[in-house]
Asks: 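This is the structure, below, for whatever I ask next.
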Amino acid sequence: MNQSSPEGAPTQPSPPETGLHARVLDHLGTAICSGDVAAGSVLSIDDLVDRYQVSRSVIREVLRVLASMGLIETRRRVGIMIQPAEGWSVFDPQVIRWRLASAGRMAQMRSITELRTAIEPHAAWLAAERIDDDEASELVGLAAKMWAAGKAGDEPRFLNLDIEFHRRVLAGSGNEMFAKLQLIVAEVLAGRHHYHLMPHNPDEKALQLHTDVAQAIQRRDGERAREAMVGIMEQGFAEMKSMWEQTVEPGGA
């Protein structure tokens, strides 16, 4: 999946070596996470240089990154061995992006949604206690903007607002570990849109639930904020599951 620059930011061309690195990393990472290159497979630097037509230094840097994610392990006299999924850095946003690009997309969506269901409702509950008044008001305004974008069918704007809404709730919890999950949430929300697992016009119930979360946080009603956030998680996964089943993609869950 291509990464876009922040809205309004100028796009700078990447140095040639950097561009090659990103291309090879994305291709090989996706191949491993999709199972096209199976766990237990052994690769060599020479083969990868020939396959991608890049320098050995580019391949070595790609392998260094993949090793840091737990996707590969280099063994002397053996080569580069692909590691099983159990050892991957499953919280790494790039690993999540590659897994969302695979046939096992819904399993990844389910896994992240279960994580979010465990964390985000409690984050909303904490935010109702800890967020300051100005931030709470801004969250209510953000929910209103989401409603307008959703009703207008403006998907790019709705996605950006949705990501920002959940980022603010996580940050508003006052828990630095919860706040770090914003990158994972951004990946799964972007993935829903990219792979058409999101209605063109968001369901009115989902829009109302975001409003309910924001208003409950502003009223310092932690229990209501928690309940509404659980509703968002359940609604979102039900939508994804329904739309996935309609596409009848191979490997779907």
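One-based numbering along the sequence shown. This structure is a prediction, so every number in the text was calculated from the model and none was measured.
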Asks: Search all heavy atoms of L161 against all heavy atoms of A149 and return the closest pair with its distance.
Replies: CD1-CB, 4.0 Å
Asks: Is K145 close to R157 at the side-chain level, that is, under 4.5 Å between some pair of heavy atoms?
Replies: yes
Asks: Donor-acceptor pair, W88 side chain versus Q83 backbone, under 3.5 Å?
Replies: yes
Asks: Walk me through it: do R168 and Q182 pass the test side chain to side chain contact (heavy atoms under 4.5 Å, CB included)?
Replies: CA-CA 9 Å; R168 290 193 182 215; Q182 63 182 274; over 6 Å; no
Asks: Kindly assign one of parallel, tilted or perpendicular to the pair F158 and H193, based on the angle between their ring planes and the thresholds 30° and 60°.
Replies: tilted
Asks: Which atom pair, heavy atoms only, marks the closest approach of A143 to F165?
Replies: CB-CE1, 4.1 Å
Asks: When E135 is tested against each of D133, I131, L139 for side chain to side chain contact (heavy atoms under 4.5 Å, CB included), which residue passes?
Replies: I131
Asks: Apply side chain to side chain contact (heavy atoms under 4.5 Å, CB included) to residues S55 and V49 and explain how you reach the verdict.
Replies: CA-CA 6 Å; S55 68; V49 166; over 6 Å; no
Asks: CG of D92 to CE of M69: how many Å apart, nearest 0.5 Å?
Replies: 4.0 Å
Asks: Rounded to the nearest 0.5 Å, what separates atom CG in D212 from atom NE2 in H210?
Replies: 10.5 Å
Asks: Spell out, yes or no, whether F91 and V188 are grouped together once hydrophobic residues are joined by side-chain heavy atoms under 4.5 Å, including indirect joins.
Replies: yes
Asks: Hey, quick one: are V24 and V37 part of the same hydrophobic cluster, counting side-chain heavy atoms closer than 4.5 Å, chains of contacts allowed?
Replies: yes
Asks: Give a yes or no on whether the backbone of H27 and the side-chain of T30 come within a donor-acceptor separation of less than 3.5 Å.
Replies: no
Asks: Taking the side chain as C-beta and beyond, is there a heavy-atom pair between L71 and I82 under 4.5 Å?
Replies: no
Asks: Is there a chain of hydrophobic side chains (I, L, V, M, F, W, Y, each step under 4.5 Å between heavy atoms) that links L43 to V54?
Replies: yes
Asks: For S137 and Q218, work out which heavy atoms get closest and say how close.
Replies: OG-NE2, 3.4 Å
Asks: With rounding to the nearest 0.5 Å, note down the distance linking CD in Q215 to CZ in R224.
Replies: 9.5 Å
Asks: Is it the case that one hydrophobic cluster holds both L170 and I112, taking links as side-chain heavy atoms less than 4.5 Å apart, direct or via other members?
Replies: yes
Asks: Which atom names give the shortest non-hydrogen contact between L66 and G29, and what distance separates them?
Replies: CD2-CA, 4.2 Å
Asks: Donor-acceptor pair, distance only, cut-off 3.5 Å: does the side chain of E187 make one with the backbone of I184?
Replies: no
Asks: Taking it one step at a time, do I72 and M81 satisfy side chain to side chain contact (heavy atoms under 4.5 Å, CB included)?
Replies: CA-CA 6 Å; I72 65 165; M81 183 167 286; over 6 Å; no
Asks: Below 4.5 Å, heavy atoms only, C-beta onward: do L189 and R116 meet side chain to side chain?
Replies: yes
Asks: Locate the shortest heavy-atom distance separating Q235 from A206; write the atom from each residue and the value.
Replies: CG-CB, 3.9 Å
Asks: Please check this pair: side chain of N201 against backbone of G150, looking for a donor-acceptor N/O pair closer than 3.5 Å.
Replies: yes
Asks: Any side-chain heavy atom of V140 sitting closer than 4.5 Å to one from T211?
Replies: no
Asks: Looking only at non-hydrogen atoms, find the nearest pair between A179 and A171 and report the distance.
Replies: CB-CA, 4.2 Å
Asks: Under the side chain to side chain contact (heavy atoms under 4.5 Å, CB included) rule, what do F178 and V169 come out as? Steps first, then yes or no, please.
Replies: CA-CA 9 Å; F178 286 5; V169 172; over 6 Å; no
Asks: Is there a salt bridge (Lys or Arg N to Asp or Glu O under 4.0 Å) between R97 and D26? Walk through the geometry before answering.
Replies: CA-CA 10 Å; R97 193 178 314 134; D26 193 53; 5.6 Å; no
Asks: If you round to the nearest 0.5 Å, how far is CD of E234 from NZ of K205?
Replies: 7.5 Å
Asks: Does the side chain of Q208 come under 3.5 Å of the side chain of E204 through a donor N or O and an acceptor N or O?
Replies: no
Asks: Would you compute the distance between atom OG of S102 and atom CG of D36 and round it to the nearest 0.5 angstrom?
Replies: 9.0 Å
Asks: Does the side chain of R56 reach to within under 4.5 Å of the side chain of I59, using non-hydrogen atoms?
Replies: no
Asks: Starting from the C-alpha separation in whole Å, work towards a yes-or-no answer on salt bridge (Lys or Arg N to Asp or Glu O under 4.0 Å) for R75 and E73.
Replies: CA-CA 6 Å; R75 299 182 182 178; E73 182 179 296; 2.8 Å; yes
Asks: So Y52 and V58, do their side chains get closer than 4.5 Å, heavy atoms only?
Replies: no
Asks: Exactly one of R105, M109, Q94, Q108 should register a side chain to side chain contact (heavy atoms under 4.5 Å, CB included) with R99. Which one does?
Replies: Q108
Asks: Decide whether V230 and V185 are clustered together by the hydrophobic rule: side chain heavy atoms of Ile, Leu, Val, Met, Phe, Trp, Tyr closer than 4.5 Å, transitively.
Replies: no
Asks: Can you check salt bridge (Lys or Arg N to Asp or Glu O under 4.0 Å) on E129 and R220, steps first, answer last?
Replies: CA-CA 6 Å; E129 179 180 321; R220 309 298 177 184; over 6 Å; no
Asks: Using modelled atom types only, decide if a donor and an acceptor are shared between the side chain of R226 and the backbone of W125 within a distance under 3.5 Å.
Replies: no
Asks: Applying ring-ring contact (aromatic ring centres under 6.0 Å, His included), which residue pairs with at least one partner in residues 214-242 are found, sequence neighbours left out?
Replies: none
Asks: Would you check if there is a donor-acceptor pair between the side chains of D47 and S44 at a distance under 3.5 Å?
Replies: yes
Asks: State, without any angle test, whether E120 and H166 hold a side-chain donor-acceptor pair at a distance under 3.5 Å.
Replies: yes
Asks: Can a side-chain donor-acceptor contact be found between N160 and E164 if the only test is distance below 3.5 angstrom?
Replies: no
Asks: If we count only N and O atoms by modelled type, under 3.5 Å, do the side chains of S173 and N175 hold a donor and an acceptor together?
Replies: no
Asks: Looking at side-chain heavy atoms only, is the closest gap between T113 and M240 below 4.5 Å?
Replies: yes
Asks: Could you state the interatomic distance from CG (L197) to CE (M106), rounded to the nearest 0.5 Å?
Replies: 6.5 Å
